[in-house]
A.B. asks: 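Structure below; questions to follow.
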Protein chains: 2
Amino acid sequence: MTGRPSNAASERLRQAGLRPTRQRLALAGLLFDGGDRHVTAETLHREAIGTHVRVSLATVYNALHQFTKAGLLREVVVDAGRAYFDTNTRHHHHFFVEHDGALSDIAAGGVEVSRLPAPPAGTEVERVDVVVRIRRRQG
Amino acid sequence: MTGRPSNAASERLRQAGLRPTRQRLALAGLLFDGGDRHVTAETLHREAIGTHVRVSLATVYNALHQFTKAGLLREVVVDAGRAYFDTNTRHHHHFFVEHDGALSDIAAGGVEVSRLPAPPAGTEVERVDVVVRIRRRQG
DNA sequence: TCCCTAATTAGAATAATTCTAATCTATTGA
DNA sequence: TCAATAGATTAGAATTATTCTAATTAGGGA
Ligand SMILES: [Mn+2]
Ligand SMILES: [Mn+2]
Ligand SMILES: [Zn+2]
Ligand SMILES: [Zn+2]
């Protein structure tokens, strides 16, 4: 018996057409085992290294894009120059603290964006993103 | 008489504490003489070169940031990896076509973002940005 | 016109990301 | 069980957007 690890994480990856490799399983563990979170390639890579998961930065980039394509993550654009990835793939919005790059969720439930004009002819709306840029109160 | 050019553009720059140099005047002309527009450093630089304005890319970056600090421009974040600058400094929102990077304005007038939760304790809202991501209709 | 300082610039440096091509590994079917 | 193979990982180079450095140029007050 080859003890093939056929747990939930493995299945989720297989479902996405991705082989459950050591690196992908470890990254998926970091991303999906706790609550929802926001990462960049750098923060996730540092976290992996800090947890003694040997994985290259290139593989972290690959995995983030593959997970995104598979619908396990979504990208959040709040900063020109750095891509954030979000394990919360439900429709929702964000608070963003420019000073330190901290992101936090705003459930889509309550928020209402009303009276938006129709999109230009020949186009359709893919997503409406609300980013509330906040800063520490002057102190 | 030294024919010192003391026109509107010069005055606007002086007001901002910026010397009205040949480069800044030319860039201000491209940016502010027509209607509102959205540029990146690259597009503005290419446009300057195409109009026979000799200016370096570094100076374009400098000018965009200086104009922004002076309140003549504002930055729009819609794409991780590329900074857009907007000559419309009034409060407003955007349609963004990811495919080709095209940005268009949505007047803030009609749009209403309601029932946003209060920002985290100790922080204050700086700005609320709505980005409507659109794509060409499938065809 | 002289002088000082601000501004411009080419090119190097940096930062985020992607690419390349060599190596490794998960999976499969003999 | 084990080779074969296609997919995955990786180091390092390459690319892209942006900033920095240090040398040169030019605006503007006196
Ligand atoms: Mn991307
Ligand atoms: Mn960058
Ligand atoms: Zn989120
Ligand atoms: Zn705009």
Side-chain angles (χ1 to χ4, degrees), chain A residues 1-7 9-28 38-46 48-49 53-70 73 75-85 98 101, chain B residues 1-7 9-28 38-46 48-49 53-70 73 75-85 98 101:
Chain A
M1 173 186 303
T2 24
R4 130 161 47 105
S6 196
N7 48 46
S10 278
E11 274 320 303
R12 197 164 14 176
L13 291 176
R14 278 222 178 70
Q15 223 91 34
L18 301 170
R19 288 186 181 173
T21 61
R22 177 179 61 74
Q23 292 87 343
R24 286 181 182 145
L25 285 167
L27 294 173
H38 305 98
V39 303
T40 66
E42 271 301 338
T43 64
L44 182 60
H45 184 239
R46 247 194 294 281
I49 297 303
V53 172
R54 289 193 343 283
V55 60
S56 72
L57 184 56
T59 294
V60 172
Y61 274 104
N62 289 341
L64 287 172
H65 286 128
Q66 292 155 349
F67 291 2
T68 299
K69 187 180 302 181
L73 290 178
E75 198 180 331
V76 181
V77 179
V78 286
D79 184 349
R82 178 176 312 258
Y84 285 78
F85 294 85
E98 316 228 18
Chain B
M1 172 188 302
T2 25
R4 129 162 48 108
S6 199
N7 48 45
S10 278
E11 273 320 302
R12 194 160 20 170
L13 290 176
R14 278 221 177 67
Q15 222 92 32
L18 300 170
R19 286 186 181 173
T21 62
R22 176 178 62 75
Q23 291 87 342
R24 285 179 182 148
L25 285 168
L27 294 173
H38 305 98
V39 302
T40 66
E42 271 301 338
T43 65
L44 182 60
H45 183 239
R46 248 195 294 281
I49 296 303
V53 172
R54 288 194 343 284
V55 59
S56 71
L57 183 57
T59 295
V60 172
Y61 273 105
N62 290 340
L64 287 172
H65 286 128
Q66 291 154 351
F67 291 1
T68 299
K69 188 180 302 180
L73 291 176
E75 196 179 335
V76 181
V77 178
V78 285
D79 185 349
R82 172 173 320 254
Y84 285 79
F85 293 86
E98 316 228 18

A.B. asks: Is B:Gln66 near enough to C:dA7 that one of its side-chain N or O atoms lies under 4.0 angstrom from OP1 or OP2?
C.D. replies: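 B:Gln66 to C:dA7 OP1/OP2: no side-chain N or O under 4.0 Å.
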A.B. asks: Is the shortest side-chain N/O distance from B:Arg14 to OP1 or OP2 of D:dG28 below 4.0 Å?
C.D. replies: yes
A.B. asks: Enter the distance from B:Arg46:CZ to B:Thr40:OG1 here, rounded to the nearest 0.5 Å.
C.D. replies: 7.0 Å
A.B. asks: For C:dT17, does OP1 or OP2 lie under 4.0 Å from any side-chain N or O of A:Tyr61?
C.D. replies: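 Result: yes.
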A.B. asks: Kindly say if A:Gln23 contacts the phosphate of D:dT10, meaning a side-chain N or O under 4.0 Å from OP1 or OP2.
C.D. replies: yes
A.B. asks: Report which part of the nucleic acid A:Thr21 touches: base, sugar-phosphate, or nothing (heavy-atom distance under 4.0 Å, all strands).
C.D. replies: sugar-phosphate
A.B. asks: For the side chain of A:Asn62, counting heavy atoms from C-beta on, which of D:dT18, D:dT10, C:dT9 is nearest?
C.D. replies: D:dT10
A.B. asks: OP1 or OP2 of C:dA16 less than 4.0 angstrom from a side-chain nitrogen or oxygen of A:Arg82, does that happen here?
C.D. replies: yes
A.B. asks: For B:Leu57 and B:Arg24, take the nucleotide of DNA chain C holding the closest heavy atom to each; which residue's nucleotide lies nearer the 5' end?
C.D. replies: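 Nearer the 5' end of the strand: B:Arg24.
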A.B. asks: Assign each of B:Leu18 and B:Ala41 to its nearest nucleotide of DNA chain D by heavy atoms, then name whichever residue's nucleotide is nearer the 5' end.
C.D. replies: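 The answer here is B:Ala41.
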A.B. asks: Please check if the side chain of B:Arg14 supplies one atom and the backbone of B:Pro20 the other of a donor-acceptor pair under 3.5 Å.
C.D. replies: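 Side chain of B:Arg14 to backbone of B:Pro20: no pair is present.
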A.B. asks: So which nucleotide from D:dC20, C:dC19, D:dG28 ends up closest to the side chain of B:Pro20?
C.D. replies: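 So the side chain of B:Pro20 is nearest to D:dG28.
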A.B. asks: When all nucleic acid strands are considered with a 4.0 Å heavy-atom cut-off, which category describes B:Ala83: base, sugar-phosphate, or nothing?
C.D. replies: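 The answer is sugar-phosphate, as B:Ala83 gets under 4.0 Å only of primed atoms, P, OP1 or OP2.
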A.B. asks: Quick one: does A:His45's side chain have a donor or acceptor within less than 3.5 Å of a partner on A:Val55's backbone?
C.D. replies: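 Confirmed, A:His45 side chain pairs with A:Val55 backbone.
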A.B. asks: For A:His65 and C:dA16, what is the distance between atoms NE2 and P respectively, to the nearest whole Å?
C.D. replies: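 Taking NE2 of A:His65 and P of C:dA16, I get 14 Å after rounding.
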A.B. asks: Rounded to the Å, how far apart are A:Leu25 CG and D:dA8 P?
C.D. replies: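 To the nearest whole Å, that distance equals 13 Å.
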